[in-house]
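A short worksheet on the structure shown next.
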Amino acid sequence: MTTRHEALEIPEILRRISSYLPGPDFTSCLQTCRSFHTVLSPLLYSTLTLCPKDDKRPSPEAVLKYIHLIGHIKFDFFISTQYLRLGFKNLHSITISNRWAPEKKDYQFKKDGIDSEILEALLLVIRENPALRKWTLYNPSPRPSDKVWRELSSLKKTDPPAGGQPVPLLPGQNRGIDILDISHISVTQDAKLWFLRACADARELRVCSVSFMVAGGKPDNCQLFLRPPQGRKVEMVDVKGYNVIEQLMFLSHFVEAQSITWMSPVAGQMPIQTLPLPTLADLKQIIKPTTWPKLRALNLTRSSGQHIVKFSDECIAHILDCLPEHQLEEFKLQGSTFGPLGAKALKTQLPCLKDLRLEPDGIDGQSELIQEVMESCPKLKVLRAGMFSVRHMRQGKPWICHGLKELAVHVDLESDRDGAAIDKKVHKDPAYWSKYSSSRRYVFEKIGKLTELVELDTSMPINNSQRGMSYISLSRLYRDPYWTLDYQLPHGLEELAELKKLEKLDFSNTLQDILQTDLEWMLENWPRLNMVTGDLYWKADRQKKLAAFLLENGIQIGRSRGNK
């Protein structure tokens, strides 16, 4: 007699069960019963990944059997006319990636169609899949032609024949793709016009390492081809072919933007990027209070190893002043000067701020602002900045950012000596040591109340300070090791006992004198701790023993570094 399990006939329950199963078991469930097969088949075949290796990709016949279920198709390194012409009708997303370069013997799969045939097949897919709204292109091979970009733009139903010029888009006309993620690609002069139009249509736009091929060594102004863009989330990283001011003008057109990330090489690095850096007068012409009325996140940080546009303090202040008050939730700035003008402008955004990341710039320059952030940002989740002096902690109000999850600041105990100049001889005074011990316990007590912390980083920044030498040089010269926080029980480590959610601890470049008893306390009181970064002890042999103890207890040892 067959027993019916009515619960297993409910699709939601079957999907919930499948979410806990590994790949092989998930596939086996399809053969268990008709209910599993009916509910789980759309999940299993929703994404089709085509690998260049013959033994790791399904045959065209197998794809045809489930082609009605496929919504996302991914070509790894190649595009094939053989698969593009199978008759996909329900695609909503496509990824063309060249991240993994196969051996020459595996590259034969692309050779079943020359570039022109492949692009024609790609055009067919675009036309026959009206729901295809997400495109991810990473160094695609072959490079999309002007016809492809033209088809991707929302004007494909109303534009003149190929080769004609774009016409203005009328209200209510169909718009193009929703998400456009483009990396490591060059855009020809013929394709540029349609490429920019496709960018203008995307609700989410990411342009990374894109080069515009220009005629005669001089690019046209990209603003000539833009209508009001629809982008709500915009990211531009390392765009070549337009100078800094033109890129900024491009971004200024995104009046619907809620998030903007701009990482651009400094002007002058490329032959065609010859205009000077934006001045305050330039910014006043480009960025106004009506430019980004909906902006909630602004990221002006640099990518690894890149030089970037360095705005002055007054320029940063102007950008912040043009944003509506009490609206900015995320602000990241690295490489530019952030001084008193920028700090003053940022204060109007503190009540809504959730994520603040500032490059360490001077020992005392950011400390007062950090204290004001801690006492004025109830929604703050992430704070990564520079030096935070105990003096400003004592003078300020209680912290209210109780939901803080990531804190990365370097605590300056020297400033707790009422501004007295550093004198190496004073370190021999017992009263001086007592003052340090009291300050450490005070700081640990303050941090111990941030019970939602997942990451605590008190590393010493490695960039130069206002005192004319690097912070790490100051540490080795004066601290030895009484200049900053020491994670030891006699110095107040037990005040951090309530940080039960802490997973990462970083104290790089601070010359710790941690004992095994301190590490044992951490393991007992921080059950989620999985990584410790920094030198545990100043002698190499002792450092190795302590590191081995952590590894034995399942704690990873991170590579020593400065603040991120």
Side-chain angles (χ1 to χ4, degrees), residues 41-51 57-98 109-110 112-159 161-162 166 169 172-183 185 187 191 194-207 230-233:
S41 290
L43 299 178
L44 181 63
Y45 297 105
S46 62
T47 297
L48 173 65
T49 300
L50 297 173
C51 175
R57 69 172 183 267
S59 66
E61 293 73 22
V63 174
L64 276 173
K65 184 177 180 180
Y66 297 100
I67 197 169
H68 61 288
L69 300 176
I70 298 172
H72 177 204
I73 185 171
K74 178 180 178 180
F75 291 92
D76 194 351
F77 184 73
F78 59 88
I79 312 175
S80 169
T81 56
Q82 183 183 22
Y83 283 85
L84 285 174
R85 289 174 174 168
L86 289 177
F88 295 98
K89 302 293 184 181
N90 301 308
L91 293 180
H92 56 77
S93 175
I94 189 168
T95 298
I96 302 172
S97 174
N98 195 3
F109 188 42
K110 183 203 167 194
D112 66 350
I114 60 176
D115 287 358
S116 60
E117 293 177 345
I118 293 174
L119 294 176
E120 286 297 326
L122 188 59
L123 287 173
L124 182 65
V125 170
I126 297 173
R127 294 167 183 149
E128 294 187 349
N129 290 269
L132 188 52
R133 288 290 185 262
K134 180 178 180 181
W135 286 77
T136 302
L137 307 175
Y138 184 98
N139 191 18
S141 177
R143 179 176 59 204
S145 65
D146 56 328
K147 291 182 179 180
V148 171
W149 290 119
R150 181 178 185 275
E151 196 69 29
L152 287 178
S153 76
S154 65
L155 298 180
K156 54 182 176 290
K157 295 182 179 180
T158 57
D159 276 350
L169 184 70
Q173 285 184 323
N174 179 53
R175 294 201 175 274
I177 55 184
D178 291 332
I179 301 176
L180 184 59
D181 187 342
I182 310 163
S183 299
I185 191 173
V187 181
W194 305 109
F195 173 84
L196 293 173
R197 185 59 58 85
C199 289
D201 290 338
R203 290 178 178 268
E204 292 187 21
L205 172 65
R206 182 176 183 269
V207 180
Q230 300 303 301
R232 298 178 182 178
K233 183 178 181 181

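The figures that follow rest on heavy atoms only: side chains count, while hydrogens, waters and symmetry mates do not.
No side-chain heavy atom of Leu84 sits under 4.5 Å from any side-chain heavy atom of Leu124. With a 4.5 Å cut-off on side-chain heavy atoms, Arg206 and Ser183 count as touching. A 4.5 Å side-chain heavy-atom check between Leu132 and Phe88 finds every atom pair outside the cut-off. Between Ile73 and Val125, every side-chain heavy-atom pair lies at or beyond the 4.5 Å cut-off. In this structure the side chain of Leu50 never reaches within 4.5 angstrom of the side chain of Ser80, judged on heavy atoms. Here the side chains of Lys147 and Leu119 are not in contact, with every heavy-atom distance at 4.5 Å or above. Counting heavy atoms from C-beta on, the side chains of Leu180 and Cys199 come closer than 4.5 Å.
Closest approach of Leu137 and Pro144 over heavy atoms only: CD1-CG, 4.2 Å. When all heavy atoms of Leu64 and Leu86 are compared, the pair lying nearest together is CD2-O, 3.4 Å. Smallest separation of non-hydrogen atoms from Glu151 and Ile126: CG-CG2, 3.5 Å. Of all the heavy atoms in Arg143 and Ile185, the pair that sits closest is CG-CG1, 4.4 Å. For the pair Ala121 and Thr81, the tightest heavy-atom approach, listed with the atom from each and the gap, is CB-CG2, 4.2 Å. Here the closest non-hydrogen pair linking Ser145 and Ala191 is C-CB, 4.4 Å.
For the atom pair CD1 of Ile94 and CZ of Arg133, the computed distance is 14.0 Å after rounding to the nearest 0.5 Å. A distance of 9.5 Å separates CD in Gln82 from OG in Ser59, rounded to the nearest 0.5 Å. For the atom pair Phe195 CZ and Leu152 CG, the distance stands at 10.5 Å (nearest 0.5 Å). The CD1 atom of Ile67 lies 8.5 Å from the CG atom of Leu48; values are rounded to the nearest 0.5 Å. With values rounded to the nearest 0.5 angstrom, Ile118 atom CD1 is found 9.0 Å from Phe75 atom CZ. Here the straight-line distance linking atom CG of Leu205 with atom CG of Asp178 works out to 12.5 Å at 0.5 Å rounding.
Remark: the backbone N or O of His68 is paired with a side-chain donor or acceptor of Asn90 at under 3.5 angstrom.
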query: Can you list the steps and then say if Glu128 with Lys89 is a salt bridge (Lys or Arg N to Asp or Glu O under 4.0 Å)?
result: CA-CA 6 Å; Glu128 294 187 349; Lys89 302 293 184 181; 3.1 Å; yes
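Applying side-chain hydrogen bond (donor to acceptor under 3.5 Å, both in side chains) to Thr95 and the options Lys74, Lys134, His72 leaves one that passes, His72.
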